[in-house]
Amino acid sequence: MKTRMIKRKGTLLSSVAVLGTAMLLTACGGDGGDSPVDDFGSNPGEGDNQALLYAYPDNGQGEISTAAPVVLRFSSAVNLGEAQNSITLYEGDAQTGTVVNTTPESVAKEPNNVLLQPDEDLKPSQIYTVVIDDLRLRKGVAKDQTLTFTTRPLNEGPKDLVVKKDTFEVSRHMPDGSEMEPVMDFSSFRFQFTQPIDRATATYGDSVTLTSSGGDIVDATLLIDGAYMTVDPDAEYLNAGETYTLDITADLASTYGQTFGADSYTFTPKDSSPGRDPAILVQKLTQGNTSRLTGKPINQVPVNGTLLGEDDNITQASAEVVRAELADVTTYTDVTPIRLPKGTVLNGAEINPILIGGEVPAGFGSGDVTMTVLSDASGYLVPNPYAENNPDALRIVHLMMDVGIATSEARANGAFTQDLLHIELVGLAEVDPEAGVLNLDAVSMVEPNILGQEYGYGMLSFQLQSYKDQSNPPEGIADTEPPTLQSWSLDPMSNLVGDKATVFRSGESIVLNFDDVLDPDLSDASVVFYRNGVEQADVSMYVDGSALVVTPQNDITYNYQNQQNAYRLQVNGISDLAGNEWNGSIDNAFALPNYIQNATQTYDEDGP
């Protein structure tokens, strides 16, 4: 069984080293306040020093949800009336664009913040511009600012609303190797395309390959979700200073049949901790407070949509031990890379009951919710671009995360389990130099698929705080429990319908739902599918959250009068992301019901 290779370069930093890291970060931006985002310490600037300090979406950010609000934080209190008069959102640019009607909202406990909620959803694949002009704050007039962001295409719908271009290309890749996104030895590689990717054409070692300078294929995990792709090397660290090449070939295609033109990306990773042990900070997801950016409860994940209503189905995320690694700040003083390792587990509280339309109980809850980081979440602490002349402005953090979702209740899991890739968190990073800790407050939007019927949305107000005693932090609990099969779409003994083959629809994929997020690397899994006793060679399979999806090249079909089909499925060797192997197996023969093409009914004068 293939497992993730862990090549530790060191252990937890001593308290002295952590303190030194914190002091260096403080010198590069950030103060020693007690709050997670204490922008100007105890002596905020006056007059000409007034400015925007934070924005979501960030200036220039792409792939923004059409349901996203605009969140702004300033250096002193902002009045909603002044915000209405001096902050304008345009569809397009400020010169030729159309004004978007928004409703300014105050942010609980945060007088320096304002949230602009568009009266209607934004349009997909559209550039928007935020103009801040002559905004009077409590301590002076804010510096004028113009920000832009671009919304993402829709997840489903007419083609022109789902694709960015008629050609299938890479629209963005991270990291891009620039000064603001250096390639590190712990980097994961993320690609965003102009069209959704056809999973069947995305095969690591074939259409997508990462090779070393010697031409050897680097063991890596390939993740696909819509137009998003992540390549995550299995080894914890690549060799710093070695040249690697990531090839995407013309074998890759979109769901619309467009083929990729082929491209190569060559890079040389930098050493994240030259000559020293890595800076590992033990963090926790906080609970019980409100976000200092949005005013919403921190680390809660609401799932909103037509089917579930607004803010009625919410899970509270928690994690007592989250290890964050910072690159050496003596080397990376301005732009400091950061990562959260693959396999980090965020636990979610039960949604009970699940409410349909926000009002009608579904008859069951979600059970415990598990959100597992599928690849190394990586990003950067960067200088604050909004207040360059103020040395106390907090640094901006960008963190990209891939997450798999599972629930312990089988019915809920069948509806909600999935992978969500490229969740881009944008926030503020604050350092307490006395305690040697790093605190993050960030915002992002998530758009989960709900019951296979629609894509919902929810605003995530993320907060991560370090333990102050980094010399004696709590230890994480290792996951040693194997996954359990909850249900599958051809179960011959379902509690609800008996033999599920009687309700299986021709052309569907076979889905096996487990209670834990699965390892997407299926190279050690055994899935064999037979049609009329003959093993079928072309069977595609992939993992989506805690589900294994199996799709034969030729559709599973009903039986016809002149065409009888008998099928058989064998499955074993499935593991969860922690490497625990499923101790069960499937060996099941089945056939779909007979399809009646013609029926003859004889009538006489008295009826049938």
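For this chain, numbers begin at 1 and follow the sequence in order.
Atom CG in N299 sits 12.0 Å away from atom CG in N347 (nearest 0.5 Å). Here the straight-line distance linking atom CD1 of I298 with atom CG of L293 works out to 11.0 Å at 0.5 Å rounding. Remark: N49 CG to S76 OG distance equals 10.0 Å, nearest 0.5 Å. Here F514 contributes atom CZ and D576 contributes atom CG; the two are 10.5 Å apart, rounded to the nearest 0.5 Å. Summarising the geometry, atom CG belonging to N472 is positioned 11.5 Å from atom OH belonging to Y467; distances are rounded to the nearest 0.5 Å. Within the model, atoms CE of M180 and CD1 of I396 stand 10.0 Å from one another, a figure rounded to the nearest 0.5 Å.
A donor-acceptor contact closer than 3.5 angstrom links the side chains of S264 and D247. A donor-acceptor contact closer than 3.5 angstrom links the side chains of D58 and Y386. Remark: the E110 side chain and the N113 side chain contain no N/O donor-acceptor pair separated by less than 3.5 Å. Using modelled atom types and a 3.5 Å distance limit, the side chains of H422 and E63 yield no donor-acceptor pair. Using modelled atom types, one finds no donor on one side chain facing an acceptor on the other under 3.5 Å when comparing Q192 with S171. Between the side chains of E430 and N439, at least one donor N or O sits under 3.5 Å from an acceptor N or O. Between the side chains of T221 and D234, at least one donor N or O lies within less than 3.5 Å of an accepting N or O.
Ring geometry for Y237 versus F186: interplanar angle of 30 to 60°, hence tilted.
No side-chain donor-acceptor contact under 3.5 Å links E169 to the backbone of Q195. Within the 3.5 Å criterion, the main-chain N or O of R138 finds no donor-acceptor partner in the side chain of Q50. A donor-acceptor contact shorter than 3.5 Å links the side chain of S466 to the backbone of L438. Under a 3.5 Å cut-off, the side chain of T372 and the backbone N or O of V517 do not form any donor-acceptor pair. In terms of modelled atom types and a separation under 3.5 Å, the side chain of E242 and the main chain of S213 share a donor-acceptor contact. Side-chain atoms of D376 come within 3.5 Å of backbone atoms of K342 as a donor-acceptor pair (strictly under, hydrogens ignored). For D544 (side chain) and D419 (main-chain N/O), a donor-acceptor pair under 3.5 Å exists by modelled atom type. Panel note: side chain D232, backbone S188; no donor-acceptor pair is recorded below 3.5 Å. Using modelled atom types, one side-chain atom of T315 and one backbone atom of A349 make a donor-acceptor pair closer than 3.5 Å. Judged by distance alone, with hydrogens and angles left aside, the side-chain atoms of N59 form a donor-acceptor pair with the main-chain N or O of T148 at under 3.5 Å.
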Evaluate T336 against R395 for side chain to side chain donor-acceptor pair (under 3.5 Å), listing each step before the verdict. CA-CA 10 Å; T336 307; R395 304 179 87 187; 3.2 Å; yes
So Q470 and V282, side-chain contact (heavy atoms from CB on, under 4.5 Å) or not? Walk me through it. CA-CA 7 Å; Q470 287 291 313; V282 180; 4.0 Å; yes
Decide side-chain contact (heavy atoms from CB on, under 4.5 Å) for F189 and Y265; before the verdict, give the C-alpha distance in whole Å, the side-chain angles of both, and the deciding distance to 0.1 Å. CA-CA 10 Å; F189 304 96; Y265 300 85; over 6 Å; no
Steps toward side-chain contact (heavy atoms from CB on, under 4.5 Å) verdict (S378, M184): CA-CA 10 Å; S378 52; M184 306 304 297; over 6 Å; no
Steps toward side chain to side chain donor-acceptor pair (under 3.5 Å) verdict (S575, D519): CA-CA 6 Å; S575 300; D519 187 346; 5.9 Å; no
Stepwise side-chain contact (heavy atoms from CB on, under 4.5 Å) check, F193 with L252: CA-CA 11 Å; F193 290 80; L252 189 72; 3.9 Å; yes
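With salt bridges taken as basic N to acidic carboxylate O contacts below 4.0 Å, one links E475 and R323. In this structure, D441 does not pair ionically with R292, as no charged nitrogen and carboxylate oxygen lie closer than 4.0 Å. Between E447 and R152, at least one side-chain N (NZ, or NE/NH1/NH2) sits under 4.0 Å from a carboxylate O, which counts as a salt bridge. Of the charged side-chain nitrogens involved, at least one lies within less than 4.0 Å of a carboxylate oxygen, so that E424 and R172 count as a salt-bridged pair.
Closest heavy-atom contact between L518 and S546: CD1-O, 3.7 Å. Residues L137 and A142 come closest through the heavy atom pair CD1-CB, 3.8 Å. Here the closest heavy-atom approach between residue P302 and residue M459 is recorded as CD-O, 3.5 Å. Across all non-hydrogen atoms, the minimal contact from D263 to F260 is N-CE2, 3.6 Å. In terms of heavy atoms, S187 sits closest to P175 at OG-CG, 4.0 Å. Scanning both residues, D185 and D271, for their nearest heavy atoms gives OD2-OD1, 3.6 Å.
Annotation: side chain of S375 is in contact with side chain of R190 (closest heavy-atom distance under 4.5 Å). A heavy-atom distance below 4.5 Å is found between the side chains of L374 and L421. For the pair Y204 and D521, the minimum side-chain heavy-atom distance is 4.5 Å or more. Contact check for D524 versus E581: no side-chain heavy atoms found under the 4.5 Å cut-off. You'll find the side chain of Y54 stays beyond 4.5 Å of the side chain of N384, heavy atoms only. Side-chain contact between M445 and L460: absent, with no pair of heavy atoms (C-beta onward) separated by less than 4.5 Å. Between L340 and L464 there is a side-chain heavy-atom pair separated by less than 4.5 Å. The side-chain heavy atoms of V345 and D479, taken from C-beta on, include no pair separated by under 4.5 Å.
For CD1 of I127, the number of neighbouring non-hydrogen atoms (other residues, nucleotides, ligands) closer than 6.0 Å is 12 at most. Under a cut-off of 6.0 angstrom, the local environment of NZ in K164 is crowded, with over 12 non-hydrogen atoms contributed by other residues, nucleotides or ligands.
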